[in-house]
Amino acid sequence: MKLNRGGVIGKAIMAACIGIATTPAIAADFGGPRYAEPPMEMPFSSIWQGLYGGVHLGYGDAGHTDGVVGGGQLGYNWQANRFVYGLEGDISVTDTSVDWLASVRGRAGILLDDRLLAYGTAGVGFADIHDDTETDFVYGLGLESKLTEAMTARLEYLNYNDIDVDVIRAGLNFKFGY
């Protein structure tokens, strides 16, 4: 009986080697720990896009007088991933030497996270000073945060350049058609 070359022992060793080599492949299908792909980075959701309106209240410094500023705003935002841009119009009444302020501005900002927007704004401003309406360049910056899917809170600074008016205001916006 040949035990070394091609005999029973050779066939047994060959079968054992094949069995050992294929065991990990078979065992991989029996519910052991599996490798999971890391989750894809989710793009920022478009919760900022759409029509909104709101109210604001703050402080105005108009040259030699200062006081309360309050009013409302209406705007529309578009969103492309982390970039949010839009148009906004607002009107405010004051108890300073300026009777009322209004502006039509563009806004552009970046999402610091899914719920916090830092933005800059610029446009044309209007002010009624002693029944004389003046037009001016207005610019500013702000932070806006999502409180819910349909409501945001903001803190904003605006400067009416030539008429020497500074406004710091807080506001609430409500998204329409949510």
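Just so it is clear, the structure is predicted and the values come from calculations on it, not from any experiment.
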TODO: Considering only Ile, Leu, Val, Met, Phe, Trp and Tyr, and joining two whenever side-chain heavy atoms are under 4.5 Å apart, list the other residues clustered with Leu57.
DONE: Val68
Task: Linked hydrophobic residues, Leu141 as query - side chain contacts closer than 4.5 Å - done: none
- [ ] Applying ring pair (Phe, Tyr, Trp, His ring centres under 6.0 Å), name anything that partners Phe174, two or more places apart in sequence or on another chain.
- [x] none
Task: Inter- and intrachain pairs under salt bridge (Lys or Arg N to Asp or Glu O under 4.0 Å), touching residues 94-109, at least two apart - done: Glu88-Arg105, Asp90-Arg105, Arg105-Glu156, Arg107-Glu144
- [ ] Please collect all salt bridge (Lys or Arg N to Asp or Glu O under 4.0 Å) contacts where either partner lies in residues 128-143, sequence neighbours excluded, each pair once.
- [x] none
Search all heavy atoms of [X] against all heavy atoms of [Y] and return the closest pair with its distance.
{"X": "Thr96", "Y": "Gly60", "answer": "CG2-O, 3.8 Å"}
{"X": "Gly54", "Y": "Asn173", "answer": "CA-OD1, 3.5 Å"}
{"X": "Arg169", "Y": "Leu158", "answer": "NH2-CD1, 3.4 Å"}
{"X": "Ala118", "Y": "Leu112", "answer": "CB-CD1, 4.1 Å"}

Name all residues meeting the side chain to side chain contact (heavy atoms under 4.5 Å, CB included) criterion together with [X]; count only those two or more places apart in sequence or in a different chain, and write none if there are none.
{"X": "Ala80", "result": "none"}
{"X": "Leu74", "result": "Leu51, Phe176"}
{"X": "Val124", "result": "Val104, Phe126, Thr135"}
{"X": "Val165", "result": "Ala62, Val98, Leu101, Tyr160, Ile163, Val167"}

Task: Residue pairs passing the ring-ring contact (aromatic ring centres under 6.0 Å, His included) test where at least one lies in residues 55-76, sequence neighbours excluded - done: Tyr76-Trp78
Open item on the list: Can you pull out every ring-ring contact (aromatic ring centres under 6.0 Å, His included) where at least one residue sits in residues 94-119? Sequence neighbours excluded, please.
Closed with: none
- [ ] Ignoring hydrogens and angles, tell me if any N or O in the side chain of Gln79 forms a donor-acceptor pair with the backbone of Trp48 under 3.5 Å.
- [x] yes
- [ ] Identify, with sequence neighbours excluded, every residue that meets side chain to side chain donor-acceptor pair (under 3.5 Å) alongside Tyr139.
- [x] Asn159
